[in-house]
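Read the structure below first, then the notes.
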Amino acid sequence: MFNNEYFMKEALKEAHKAFDANEVPVGAVVVCNNTIISRAYNQTELLKDVTAHAEILAITGAQEYLQSKFLNECELYVTLEPCVMCAGASYWARFKKVVYGAYDEKRGYNRLGKQVLHPKTEIVSGILENECSAILKEFFQKKRK
């Protein structure tokens with residue numbers, strides 16, 4: 001029951017909240033011992049803060065929950081490949097695993113290479129990629145009209 005697809009569906013629920021709030025629809029959840037300890041979605045428009053990406057907000061929530069700056073026993077699930085900023089934050093948080101859905105060929109951390117993430121972090125990509133990509137495509141098509 002608790003697998004990559006299950007937790008990515010939870011991250012997608014957060015992305016839908018972002019979509020409904022007219023934010024770029026990216027959602028994230030942080031999981032520790034098969035329990036979601038933090039949820040977030042992009043809030044850059046609402047907070048007027050360019051750093052208010054889903055991953056950053058989810059990391060902050062998880063660190064507060066665990067009362068620790070390190071999340072080395074946790075997994076980050078995010079609907080879009082993290083940008084360099086979010087990958088850097090993930091590096092410092094020392095996630096056990098980062099799982100993402102859609103690839104971001106323009107702004108994703110892979111443009112710089114996997115060394116942006118902590119060397120002990122397992123990376124899983126392409127989970128529910130079609131669903132994660134579809135909400136982004138719909139959002140930007142709607143914006144262009």
Side-chain angles (χ1 to χ4, degrees), residues 4-32 35-145:
N4 289 338
E5 288 79 16
Y6 173 83
F7 291 117
M8 189 59 70
K9 285 178 184 174
E10 293 298 310
L12 270 166
K13 289 178 185 176
E14 296 301 308
H16 283 281
K17 290 177 187 176
F19 185 97
D20 293 342
N22 203 31
E23 298 273 0
V24 175
V26 177
V29 297
V30 176
V31 176
C32 190
T35 301
I36 296 173
I37 62 169
S38 182
R39 303 171 165 270
Y41 57 89
N42 275 358
Q43 295 184 40
T44 60
E45 300 298 326
L46 174 70
L47 299 176
K48 311 276 186 280
D49 179 357
V50 297
T51 68
H53 290 196
E55 300 95 309
I56 300 295
L57 298 173
I59 289 168
T60 300
Q63 289 170 329
E64 288 176 12
Y65 179 86
L66 294 175
Q67 292 295 293
S68 174
K69 66 180 182 178
F70 297 121
L71 302 174
N72 54 314
E73 295 299 318
C74 299
E75 302 165 355
L76 172 66
Y77 291 82
V78 60
T79 57
L80 180 64
E81 176 185 343
C83 70
V84 174
M85 175 184 70
C86 293
S90 298
Y91 176 96
W92 293 112
R94 300 183 184 174
F95 278 104
K96 176 172 62 173
K97 181 166 77 170
V98 171
V99 181
Y100 63 89
Y103 295 89
D104 186 350
E105 294 171 12
K106 291 182 181 177
R107 301 278 181 251
Y109 78 91
N110 270 314
R111 289 178 48 101
L112 296 180
K114 294 186 189 311
Q115 73 275 11
V116 177
L117 293 175
H118 196 276
K120 292 184 179 178
T121 299
E122 176 188 352
I123 302 162
V124 179
S125 59
I127 302 299
L128 301 181
E129 180 181 0
N130 292 337
E131 294 91 330
C132 293
S133 293
I135 190 171
L136 287 160
K137 287 176 185 170
E138 180 183 351
F139 178 80
F140 286 110
Q141 285 172 349
K142 183 176 143 185
K143 284 282 190 199
R144 288 183 195 108
K145 289 183 180 182

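This one's a predicted model, so the numbers in the text were calculated from it and none came from an experiment.
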Say whether S125 and Y103, considering side chains only, have a donor N or O and an acceptor N or O under 3.5 Å apart. yes
Which heavy-atom pair separates [X] from [Y] by the least distance, and what is that distance?
| X | Y | answer |
| --- | --- | --- |
| Y41 | E14 | CB-O, 3.1 Å |
| I127 | M8 | O-CG, 3.7 Å |
| I37 | C74 | CD1-SG, 4.1 Å |
| A40 | A54 | CB-O, 3.4 Å |
| P119 | Y91 | CD-CE1, 4.0 Å |
| C83 | Y109 | O-CB, 4.1 Å |

Mind checking the [atom1]-[atom2] spacing from [X] to [Y]? Nearest 0.5 Å is all I need.
| X | Y | atom1 | atom2 | answer |
| --- | --- | --- | --- | --- |
| T79 | H16 | OG1 | NE2 | 9.0 Å |
| E5 | Y77 | CD | OH | 9.0 Å |
| M85 | I56 | CE | CD1 | 4.5 Å |
| S68 | R94 | OG | CZ | 9.5 Å |
| F19 | L136 | CZ | CG | 10.0 Å |
| E129 | E81 | CD | CD | 10.5 Å |

Residue pairs fulfilling salt bridge (charged side-chain N to carboxylate O under 4.0 Å, His left out) with at least one residue in residues 45-71, sequence neighbours excluded: none
Quick check: do [X] and [Y] have side-chain heavy atoms less than 4.5 Å from each other?
| X | Y | value |
| --- | --- | --- |
| S90 | T121 | no |
| V30 | F95 | yes |
| H53 | V26 | no |

Side chain to side chain contact (heavy atoms under 4.5 Å, CB included), that's the test. Do E23 and L46 meet it? Break it down for me. CA-CA 8 Å; E23 298 273 0; L46 174 70; 3.6 Å; yes
Intermediate values then yes/no, side chain to side chain contact (heavy atoms under 4.5 Å, CB included), K143 and N22: CA-CA 9 Å; K143 284 282 190 199; N22 203 31; 3.1 Å; yes
Would one find more than 12 heavy atoms of other residues, nucleotides or ligands at under 6.0 Å from atom NZ of K9? no
Does CZ in F139 sit with more than 12 non-hydrogen atoms of other residues, nucleotides or ligands closer than 6.0 Å? yes
side-chain contact (heavy atoms from CB on, under 4.5 Å) with V24: of N42, L80, I135, T44, only one passes, and it is N42
